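Working notes, structure below.
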2 protein chains.
Amino acid sequence: VIEVDRVRKVYRLGEVEVEALKDVSLAIGTGEFVAVMGASGSGKSTLMNILGCLDRPTEGAYRLDGKDVKELDKDALARIRRKKIGFVFQSYNLIPRMDAQENVELPMVYDGIAAAARRAHALDALRAVGLQERSHHLPSQLSGGQQQRVAIARAIVNTPSLLLADEPTGNLDTASSDEIMGIFQGLNDERGITIVLVTHEPDIARFAKRVLRFRDGQLIQDEPVADR
Amino acid sequence: VIEVDRVRKVYRLGEVEVEALKDVSLAIGTGEFVAVMGASGSGKSTLMNILGCLDRPTEGAYRLDGKDVKELDKDALARIRRKKIGFVFQSYNLIPRMDAQENVELPMVYDGIAAAARRAHALDALRAVGLQERSHHLPSQLSGGQQQRVAIARAIVNTPSLLLADEPTGNLDTASSDEIMGIFQGLNDERGITIVLVTHEPDIARFAKRVLRFRDGQLIQDEPVADR
Ligand SMILES: Nc1ncnc2c1ncn2[C@@H]1O[C@H](COP(=O)(O)OP(=O)(O)OP(=O)(O)O)[C@@H](O)[C@H]1O
Ligand SMILES: Nc1ncnc2c1ncn2[C@@H]1O[C@H](COP(=O)(O)OP(=O)(O)OP(=O)(O)O)[C@@H](O)[C@H]1O
Ligand SMILES: [Mg+2]
Ligand SMILES: [Mg+2]
């Protein structure tokens, strides 16, 4: 479902160039559960933004479900993001003026789902992450870990076929982290959702079935997870 | 230096009350290095905001260096925050339109330090966290972990007497985390800076000398760290 073909990503800052991804090639099949690891600044979020059609490579190709995203116009990209992809950002990106429930309902609003159904699905998703009692809190009225969990609920509420999670447990204690990873494993096992997850923690990576390791914008290791 | 005396903190949301801290009492002496742990939503950031004079208790007292903060007006509180306290927020709080160096210089601007000296100190602090080559990047041009490290550099650049760090390594890989904890230990051992640090990770907590554990707004455990 994901084909990254010799992708290079360069950021230009005035006269200086930052090569965030140097020459990255990888393929991820439907239903896989992949952890992405690597040092701070090694290119993980840059890769995730390209996989999520939020950014384009400078060189090389990214094919999603066989289609080169270079050939898609802005509307087509937006439609793919809404319908196919669930995204948990490294800094959650909740809408400050909407409460938890409204934030979780947002992907369904775009899909034209009726209000009563949206409310039911949103509350299910919030219940799954343990936050049904905080549904009317604004992001500023939630703890760091609670904001992160609302972002996770929003990413899964539409059961996307591809879930991209950038450090989804970074602000969570062990109990909440295990709960979230249990949810992800369930979505992967039972619904065949493809999951790509960035993490720094080996204990989180072992919930995945394969680990991609980055350093300085290059993929340096690609290994299955023992007994998974 | 820190005395928390039967502190209660309640947030009011319409008709609902959220009791974030129930009845918390604790004391931290000068030069201590304390880790604060506990589940997501258990009150850690709320406590940190009170310790940092960013918020006031609903009931009870907070005394900083023997002075009850209730008796200080807004200007006095602001002055304490600038001169005495270095704060690393859970979500970094960098100024989006200032680059890394300008963000780190900000506490020194308030203290009226001359431009050349500010620049030198800021670059020293950025070097300490491994980011001297990113000094002209805006926050949006930095990875999550790099933004967090800029926030750490800013918190330590003025060598505050009290350093409050809320999940300072949440977005960092093991190598960067160990580096940061080494810096904190150095400040504590060599300069006697009092450090209170929130973390979910036992491997980070063991760099401290004492662990305070919270649950549902209450302090449930207070233990020294073995061989520290
Ligand atoms: N401004 C606010 N208004 C209403 N409730 C709030 C507000 N800030 C925090 N809360 C609530 O107070 C409780 C404690 O929040 P706090 O941010 O202190 O938790 P925490 O221990 O830092 O959690 P985490 O580990 O997730 O960061 C949470 O249940 C949260 O929903
Ligand atoms: N918009 C941008 N402009 C310029 N440089 C950027 C931009 N975004 C990222 N970078 C740089 O590209 C490199 C890779 O960044 P990226 O965010 O992909 O790292 P990361 O692996 O996610 O790190 P972390 O673990 O700290 O989140 C970093 O060195 C960063 O400074
Ligand atoms: Mg990142
Ligand atoms: Mg917190």
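Naming convention: chains lettered A, B, ... in sequence-line order (proteins, then strands); numbering from 1 in each chain. All values derive from a computational prediction rather than experimental measurement. Computed over heavy atoms, backbone and side chain alike; hydrogens, waters and symmetry mates excluded.
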Using non-hydrogen atoms and a 4.5 Å limit, figure out which bit of [X] sits close to chain B: side chain, backbone, both or neither.
| X | value |
| --- | --- |
| V16(A) | neither |
| S176(A) | side chain |
| Q148(A) | neither |

Inset, instruction - Before accepting this row, confirm whether a basic side-chain N of the pair D55(A)/K9(A) lies closer than 4.0 Å to the acidic partner's carboxylate O. - result: yes

Inset, instruction - Would you mind checking if R8(A) and D23(A) are paired as a salt bridge, meaning a charged N to carboxylate O distance below 4.0 Å? - result: no

Would you check if there is a donor-acceptor pair between the side chains of [Y] and [X] at a distance under 3.5 Å?
| X | Y | result |
| --- | --- | --- |
| Q221(A) | R213(A) | yes |
| K209(A) | N188(A) | yes |
| T46(B) | N49(B) | no |

Inset, instruction - Using a cut-off of under 4.5 Å on heavy-atom pairs, state which of R134(A), Q147(A), H137(A), Q146(A) scores highest against chain B. - result: H137(A)

Legend entry - Neighbours of chain B found in residues 35-45 of chain A - heavy atoms under 4.5 Å: G38(A), A39(A), S40(A), G41(A)

Legend entry - Flag side-chain contact, heavy atom, 4.5 Å: L51(B) against Y62(B): yes

Inset, instruction - Side-chain contact test, heavy atoms from C-beta onward, threshold under 4.5 Å: evaluate it for L163(A) versus F87(A) and give yes or no. - result: no

Legend entry - Closest approach of V225(B) to A205(B) (non-hydrogen atoms, all atoms of both residues): CG2-O, 4.0 Å

Inset, instruction - Could you tell me which of A175(B), G144(B), G130(B) has the largest number of non-hydrogen atom pairs under 4.5 Å with chain A? - result: G144(B)

